[in-house]
A.B. asks: 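Please read through the structure below; I'll follow up with questions.
Treat the numbers as computed from the prediction; the structure is a model and nothing was measured.
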There are 2 protein chains.
Amino acid sequence: MQIKANDSSLKSWVEVPADSDFPIQNLPFGIFKTEYLNAGAGVAIGDYVLDLTYLYENGFLDGLGLPAGVFNQHTLNGFIGLGKQKTRAVRERISELLLDDNDELRDRKAARELALIPMEEVEMLMPVHVPNYTDFYSSEEHARNVGTMFRDPDNALMPNWKHLPVGYHGRASSIVVSGTPFHRPKGQTKANDADTPSYGPCRLLDFELEMAFITCKENGLGNPVSTQEAEDYIFGFVLFNDWSARDIQKWEYVPLGPFLAKNFASHSSPWIVTMDALEAFRVKGPEQDPAVLPYLKYEGKKNFDINLEVGIQPDGSEETVVCNSSFKYMYWNVNQQLAHHTGNGCNLQVGDMYASGTISGPTPDSYGSMLELSWQGTKTIAMKDGTERKFIQDGDTVVMRGFAERDGVRVGFGEVNAKVLPAK
Amino acid sequence: MQIKANDSSLKSWVEVPADSDFPIQNLPFGIFKTEYLNAGAGVAIGDYVLDLTYLYENGFLDGLGLPAGVFNQHTLNGFIGLGKQKTRAVRERISELLLDDNDELRDRKAARELALIPMEEVEMLMPVHVPNYTDFYSSEEHARNVGTMFRDPDNALMPNWKHLPVGYHGRASSIVVSGTPFHRPKGQTKANDADTPSYGPCRLLDFELEMAFITCKENGLGNPVSTQEAEDYIFGFVLFNDWSARDIQKWEYVPLGPFLAKNFASHSSPWIVTMDALEAFRVKGPEQDPAVLPYLKYEGKKNFDINLEVGIQPDGSEETVVCNSSFKYMYWNVNQQLAHHTGNGCNLQVGDMYASGTISGPTPDSYGSMLELSWQGTKTIAMKDGTERKFIQDGDTVVMRGFAERDGVRVGFGEVNAKVLPAK
């Protein structure tokens, strides 16, 4: 059975609130633990987590040829590394089990209560171990805004920008799951009017609204992956906050790129929404002019219409939404990113994260960073509690949310949030 | 017993040729396999590999509190992650076992023959799994040469260069062990006189002579490591060839740094020479002027006098040494690199590789890349076979060697070599 993500007639016997990110059309994968259960794989359905270890051990996933213990793990790497044919079959079987007319689990009360765990009782962990992390720079509006601010409004984009999806390597070790608080980083900065640099707490802490895809297949060193093949390598997507220390970045980044300005923490949402679940939300990407080189050409709808928002919640106060953007604005799509990344033979590994770069839209309220929203600190953003922001303050929690919606079906990502603690 | 690395009176009952990199004063760790043995940990002594799994399983390492199976692994991560106190005790015990007056292994012929495997019978593998890879840019001569060529001879160093050890994240997945051939990468480049870029085999393939240190301890996200503490985190060093595609680099690297120009392959030497083995070869680093910020200050001798050379061996022909350099030339030392890297709370993992950046000396024959040796292709380097090089050609094998020598004791790294195959 092929799940139709936009088929609103599909219903689950699990109650799913109308505004839930996790209807039966979604079924994202994550790693959870509870007071009583070790870390293991689960699927989100409504306000519950479906325990895949329990399903496997009690025969509900028989016949799919799954290796023993594949769900009873601290990461999804083993599972997603089985390949999309197998993971798709698992998702389709879960969909079948949860459909309102299926009684296999529904009518076995004890099994049902063990398999479905209320979300408020679980702690979500990083869904994958990340062997490699790359950050692209694929939103034209973001690149133009940054180029306008720091260089030349008339030549905001670098000459290479429309010819290749610019990217750079980031730090894998400091990617943590939503909800992990962190301390404001210290670092070396140099004020414009200072003769020498100094070391101390970052003053211009910023978020970057991003999405990231996670790979599930190895190509092997030396083997490029074409835009046509790329989707075999992509398991799904998460929301991603690529925290940035703008004052550290400004001083350190020449000539080899961002380093300590980025590697103190990046946050991932806990649920990986599969590429399959996003099929119904594909849209055409922007016209690419000039034409791209043959290895970057692609056919079909490769962008995804995913609504994105960013909120800032001051400590003990109400959240203010400061940005509404969409993943559909990307100039370079994920097929092109992967084809470019492997065009030199670079090898992908299972669990790698490839982030989009800041996703800014065309209007000022759709910019995906405080750098752009406050236009380098020349404007202030009003908070509902009466305070103002140019950058992120200690005690602020930054929350990013994302969902796609069409024909009455909403497929969402939940959220990625993180609270900024004062510098140590 | 503390091993004195420069004590030339120490002799092993294992015969060690006079010019060997691996006398009893060295005892580097690596991962090897043979036709009959699965991958496992070994120590180099003369022309032999000492099988640590065999020693452990036969009681020679009893009393050291080592976990079962720690050597019977595909990587050294588990072993080095035990911490320096434990790994130092293992190395000292091995030294004791190999000393000429120790009969424990020496006089047990069967055990000796099983424990010592001739090097020509082993295949060396990557010594560690590399969770994170960072490349620094810490040789002043290299940074000056590049700045002079590409920017302004009068302002060759960027303003930040003498205030912090510039570095950037590299790709961990494509780090492979010495001896692994690879295909010339393809990529997007743009000729100076072309209107548009093209995609094809790299034309300006280059090596970079580097060394890398490998970490053995976690600091945990948010916890800076001081220059004083840094050495607790460093297990040892390898030779490192950070292959670079100069034409790809030139077009792609603005504004976020090198990416596909570097991530198609990097080669590590197979033996990790411990920091302990290098104690006798410490030298003072260069005077740092201007004075560094307090978090980068250090005391004592933190540079290492390690002779380095690079040879090019054309296909089926004789090798020509094209570069003689030394690790002692580094402006920024490893203590400073680690303190800077963690100054924002970035978390280290066991097995991480931190490469020095190209190690160039003050004279033209000590430059650590073809970019500098051929001065951007304006000069040719003569090969012994009558051919010439500006950059690396298909069929060339690039070989890097390194050793320290003092008071009649030579502690070496062996070599890192790799052959360049034609583009696919």
Side-chain angles (χ1 to χ4, degrees), chain A residues 131-135 137 146-147 158-160 163-164 166-174 176 182-183 185-188 190 196-199 202 221-224 245 248 251-261 263-265 290 293-295 340-341 343-349 352 424, chain B residues 131-135 137 146-147 158-160 163-164 166-174 176 182-183 185-188 190 196-199 202 221-224 245 248 251-261 263-265 290 293-295 340-341 343-349 352 424:
Chain A
N132 305 278
Y133 161 48
T134 290
D135 195 27
Y137 189 57
V146 172
M158 289 286 187
N160 58 14
H163 293 284
L164 54 84
V166 169
Y168 66 104
H169 299 117
R171 181 82 180 181
S173 71
S174 51
V176 292
F182 68 101
H183 292 271
K186 293 182 181 178
Q188 193 178 128
K190 185 175 162 296
T196 55
S198 59
Y199 175 80
C202 149
L221 196 62
N223 302 303
I248 296 174
W251 173 236
E252 75 169 0
Y253 95 107
V254 284
L256 299 177
F259 182 45
L260 301 189
N263 66 13
F264 54 90
L293 285 166
Y295 81 103
H340 182 63
H341 204 313
N344 68 346
C346 182
N347 55 328
L348 310 171
Q349 293 181 313
D352 287 351
K424 271 187 182 172
Chain B
N132 304 278
Y133 161 48
T134 290
D135 195 27
Y137 189 58
V146 172
M158 289 287 188
N160 59 15
H163 293 284
L164 55 84
V166 170
Y168 65 104
H169 299 117
R171 181 83 180 179
S173 72
S174 51
V176 293
F182 68 101
H183 292 272
K186 293 182 180 178
Q188 192 177 129
K190 184 175 162 296
T196 55
S198 59
Y199 174 79
C202 149
L221 196 62
N223 301 304
I248 296 174
W251 173 234
E252 75 168 2
Y253 95 107
V254 283
L256 299 178
F259 182 44
L260 301 189
N263 67 13
F264 54 91
L293 285 167
Y295 81 103
H340 182 62
H341 205 312
N344 68 347
C346 182
N347 54 328
L348 310 172
Q349 294 181 313
D352 287 351
K424 271 190 184 172

A.B. asks: Among the options B/G147, B/G167, B/A172, pick out the one with the most heavy-atom pairs lying under 4.5 Å from chain A.
C.D. replies: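 Maximum pair count with chain A is reached by B/G167.
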A.B. asks: For A/H183, is it the side chain, the backbone, both, or neither that has a heavy atom closer than 4.5 Å to a heavy atom of chain B?
C.D. replies: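 Neither part; nothing is under 4.5 Å.
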A.B. asks: Sort out for me which of B/H169, B/M158, B/H163 touches chain A most, counting heavy-atom pairs under 4.5 Å.
C.D. replies: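 Sorted descending by pairs with chain A, the first entry is B/H169.
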A.B. asks: Quick one: of A/L164, A/L256, A/N223, who has the most non-hydrogen atom pairs under 4.5 Å with chain B?
C.D. replies: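 The answer is A/L256.
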A.B. asks: Hey, does A/K190 have a side-chain heavy atom less than 4.5 Å from the side chain of B/N160?
C.D. replies: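 Side chain of B/N160 against side chain of A/K190, heavy atoms only: no contact under 4.5 Å found.
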A.B. asks: Which one of A/W251, A/Y133, A/F264 has the most heavy-atom pairs closer than 4.5 Å to chain B?
C.D. replies: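 Among A/W251, A/Y133, A/F264, the one with the most close pairs to chain B is A/W251.
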A.B. asks: For a 4.5 angstrom cut-off between non-hydrogen side-chain atoms, does A/H341 reach B/L260?
C.D. replies: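 Of all side-chain heavy-atom pairs linking B/L260 with A/H341, at least one is under 4.5 Å.
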A.B. asks: Kindly indicate whether the side chain of A/R171, heavy atoms from C-beta on, has any atom under 4.5 Å from the side chain of B/C346.
C.D. replies: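 Heavy-atom side-chain distance check passes, below 4.5 Å.
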A.B. asks: Short question: side chain of A/N347, backbone of B/S173 - any donor-acceptor pair under 3.5 Å?
C.D. replies: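 Yes; at least one donor-acceptor contact below 3.5 Å.
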A.B. asks: State the OH-CG distance between B/Y199 and A/N344, to the nearest 0.5 angstrom.
C.D. replies: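 These two atoms lie 7.5 Å from each other.
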A.B. asks: Would you please classify the geometry between the A/F259 ring and the B/H340 ring as parallel, tilted or perpendicular, with 30° and 60° separating the classes?
C.D. replies: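 B/H340 and A/F259: tilted rings.
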A.B. asks: For chain A, which of B/A265, B/S198, B/P159, B/P197 has the most heavy-atom pairs under 4.5 Å?
C.D. replies: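 Heavy-atom pair counts peak at B/P197.
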A.B. asks: Of the backbone (N, CA, C, O) and the side chain (C-beta and beyond), which part of A/V254 lies under 4.5 Å from a heavy atom of chain B, both, or neither?
C.D. replies: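 Answer is both: backbone and side chain atoms of A/V254 are under 4.5 Å from chain B.
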A.B. asks: If you count heavy-atom pairs under 4.5 Å with chain B, which of A/G345, A/G257, A/P290 comes out on top?
C.D. replies: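 Among A/G345, A/G257, A/P290, the one with the most close pairs to chain B is A/G257.
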A.B. asks: With a 4.5 angstrom heavy-atom cut-off, which part of B/D352 approaches chain A: side chain, backbone, both or neither?
C.D. replies: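 Side chain of B/D352 only, per the 4.5 Å heavy-atom cut-off to chain A.
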A.B. asks: Given that the side chain runs from C-beta out, which part of B/P294 has a heavy atom under 4.5 Å from chain A: side chain, backbone, both or neither?
C.D. replies: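 For B/P294, neither part sits under 4.5 Å from chain A.
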A.B. asks: Please determine, among A/G187, A/G343, A/P185, A/C202, the option with the most heavy-atom pairs under 4.5 Å with chain B.
C.D. replies: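 The residue among A/G187, A/G343, A/P185, A/C202 with the greatest pair count is A/G343.
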A.B. asks: Under 4.5 Å heavy-atom distance to chain B, tell me which part of A/L293 shows up: side chain, backbone, both or neither.
C.D. replies: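 For A/L293, the contact with chain B is made by the side chain alone.
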A.B. asks: In terms of heavy-atom proximity below 4.5 Å to chain A, should B/F182 be classed as side chain, backbone, both, or neither?
C.D. replies: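 Contact with chain A involves no heavy atom of B/F182 at all.
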A.B. asks: Sort out for me which of B/G222, B/G170, B/P224 touches chain A most, counting heavy-atom pairs under 4.5 Å.
C.D. replies: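 The candidate making the most pairs under 4.5 Å is B/G170.
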A.B. asks: Are any non-hydrogen side-chain atoms of A/K186 and B/Y295 less than 4.5 angstrom apart?
C.D. replies: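 No, too far: nothing below the 4.5 Å cut-off.
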A.B. asks: Quick one: what part of B/V146 sits under 4.5 Å from any heavy atom of chain A, side chain, backbone, both or neither?
C.D. replies: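 The answer is neither part of B/V146.
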A.B. asks: Heavy-atom distance under 4.5 Å to chain B: side chain of A/P255, backbone, both or neither?
C.D. replies: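 Answer is both: backbone and side chain atoms of A/P255 are under 4.5 Å from chain B.
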A.B. asks: Quick one: which of B/I248, B/D135, B/L221 has the most heavy-atom pairs under 4.5 Å with chain A, could you say?
C.D. replies: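 The candidate making the most pairs under 4.5 Å is B/L221.
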